[in-house]
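First listed ligand is number 1; within each ligand, the first listed atom is number 1. The basis for the numbers below is simple: all heavy atoms, side chains too, and nothing from hydrogens, waters or symmetry mates.
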Amino acid sequence: MSGKNKATIAVRSGIEADKQHGAVVAPLYLSTTYSFADFDTKRQYDYGRSGNPNRDILAETLAELEGGARGIITATGMAAVHLATQLLNHDDTLVIPHDCYGGSYRLFTSLQKRGLLKLKVLDLTKQQSLDQILEIKPKLIWIETPSNPVLRLTDIKAVTEIAKQCGALVAADNTFLSPALQNPIKFGVDIVVHSTTKYINGHSDVVGGAVITATQALGDELAWWANNIGITGAPFDSYLTLRGLRTLNIRLKQHQENALAIAKYLEESEFVSQVYYPGLESHPQHELAKAQQLGFGGMVSFDIKGDIHDAAAFLTSLKEFSLAESLGGVESLICHPATMTHAGMEEEARLEAGVGDTLIRISVGIEDIHDLLADFDRVFNLVKPGYKKNESHAGKRAGVSNNNVKLSAAHPALW
Ligand SMILES: *Cc1c(COP(=O)(O)O)cnc(C)c1O
């Protein structure tokens with residue numbers, strides 16, 4: 001690390017990189033090929049899949065923000081997840097958490113079915129699972145903290161200590177907090193993975209991913225694979241993602257300030273049965289969050305009172321929150337995991353992961369908090385979640401018949 005602070009790194013990295021004209025912002029290099037300086041004399045870049053200046057500035061900036069040795073920019077977050085699995089041979093075991101991102105879960109289990117790796121699914125929030133790891137002797141342990149959508153935390157240091165004892169590598173999907181709020185390498189993690197689609201780009205207009213390694217050697221190995229498979233990120237995507245990254249710190253400050261206000265509001269609400277946010281003192285892992293995170297993030301989940309019809313009426317009546325999957329953009333999004341992000345899960349596994357019919361997940365944006373809370377107030381009072389239809393309160397539903405909200409069959413795609 002340069003010793004500079006993160007907000008400065010994010011803003012300054014790659015500024016004045018252009019030596020030819022002194023452009024303050026690095027120009028966009030779309031060229032797929034680069035001339036040789038002379039016979040047998042390659043310049044820094046030769047071909048766009050293998051190397052590109054815009055991609056490199058983004059990679060170096062993210063590596064510095066995470067405190068890693070090397071960054072690799074991939075076309076999507078899933079490409080970054082897949083890239084990490086290139087370290088595994090068919091007889092190597094990968095340990096994954098039972099509640100990891102659904103797309104990652106689908107990828108890992110598909111690779112296992114084809115015999116490309118061995119897989120062990122554990123609840124990594126339990127000490128008993130950590131003890132089991134010593135017997136499994138995996139090559140790679142995957143962690144994702146906080147988890148989606150009920151924001152359970154994994155003790156990063158506890159996992160890396162176990163990993164050291166059995167010679168395993170540890171990879172952490174750091175998408176939910178971004179490098180502004182959590183740096184797993186500091187706690188002994190070897191590989192950090194990001195879907196830059198979320199907070200890093202932050203404007204819901206680029207799909208991308210990144211892998212950051214603690215050591216140069218691991219970074220070189222994975223960069224070789226990224227070029228080999230051909231999953232490196234596009235120049236324009238890298239350019240836009242770097243532009244988004246410039247404001248990462250200031251955005252995250254507002255995201256989490258709004259998220260905490262919403263979590264506290266929901267905790268007080270008579271229409272809510274439970275709130276999940278690591279920034280609340282009532283969160284069972286609040287102390288762990290304070291110890292390993294630099295903030296509590298912008299994601300809040302809660303169980304609304306009543307049933308799926310109350311959830312549906314609530315979600316479709318909001319005006320300041322878009323009913324949509326994904327997260328991390330400046331605009332507030334709200335989703336119903338059971339029928340949206342987690343619709344592909346078997347019901348039993350879904351309930352086990354804490355994703356019931358009344359669970360609602362919010363990606364809290366950076367709008368004025370008064371407008372967000374006013375929207376909640378209006379809709380809670382309109383829908384009155386949890387009041388039975390045949391009770392006298394029913395009349396207070398004022399035009400909202402949550403009975404009639406059409407519930408289409410859960411779509412099979414995960415995202
Ligand atoms: C979105 C997401 C991914 C996958 O990233 P894409 O950019 O959609 O391919 C992986 N992990 C987490 C935690 C995510 O939220």
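- A donor and an acceptor atom, one from each side chain of D205 and H203, are nowhere located under 3.5 Å apart.
- Every atom of ligand 1 is numbered from 1 in the order shown, and the set under 4.0 Å from a heavy atom of G77 is 5 (O), 6 (P), 7 (O), 9 (O).
- Using a cut-off of 4.0 Å between Lys/Arg side-chain N and Asp/Glu carboxylate O, K264 and E268 are scored as not salt-bridged.
- The shortest separation from a heavy atom of A79 to ligand 1 is not under 4.0 Å, leaving the residue out of contact.
- The pair D220-R70 counts as a salt bridge, with a side-chain nitrogen and a carboxylate oxygen less than 4.0 angstrom apart.
- Counting protein heavy atoms only, atom 7 (O) of ligand 1 is closest to T197 OG1, 2.7 Å.
- Ranked by closest heavy atom to atom 8 (O) of ligand 1, the top entry among Y101, Y199, F176 is Y101.
- When each of T33, N52, D56 is checked for a side chain to side chain donor-acceptor pair (under 3.5 Å) with Y45, only D56 meets the rule.
- Summary of contacts: the protein heavy atom closest to atom 14 (C) of ligand 1 is K198 NZ, 3.0 Å.
- Taking a cut-off of under 4.0 Å to the non-hydrogen atoms of G208, the atoms of ligand 1 that pass are 7 (O).
- Of the candidates F314, F380, F302, F380 is the only one forming a ring-ring contact (aromatic ring centres under 6.0 Å, His included) with F271.
- Atom numbering of ligand 1 starts at 1 in the shown order; those under 4.0 Å from a heavy atom of S195 are 1 (C), 2 (C), 3 (C), 4 (C), 5 (O), 6 (P), 7 (O).
- Between D190 and K164, no side-chain nitrogen of the basic residue sits less than 4.0 Å from a carboxylate oxygen of the acidic one, so the salt-bridge criterion is not met.
- Remark: ligand 1 atoms within the under-4.0 Å shell around heavy atoms of M78 are 4 (C), 5 (O), 6 (P), 9 (O).
- Annotation for ligand 1: atoms under 4.0 Å from non-hydrogen atoms of T76 are 9 (O).
- Under the 30°/60° scheme for interplanar angles, the aromatic rings of F296 and Y277 are found to stand perpendicular.
- In this structure, D173 is part of the shell of residues with a heavy atom less than 4.0 angstrom from ligand 1.
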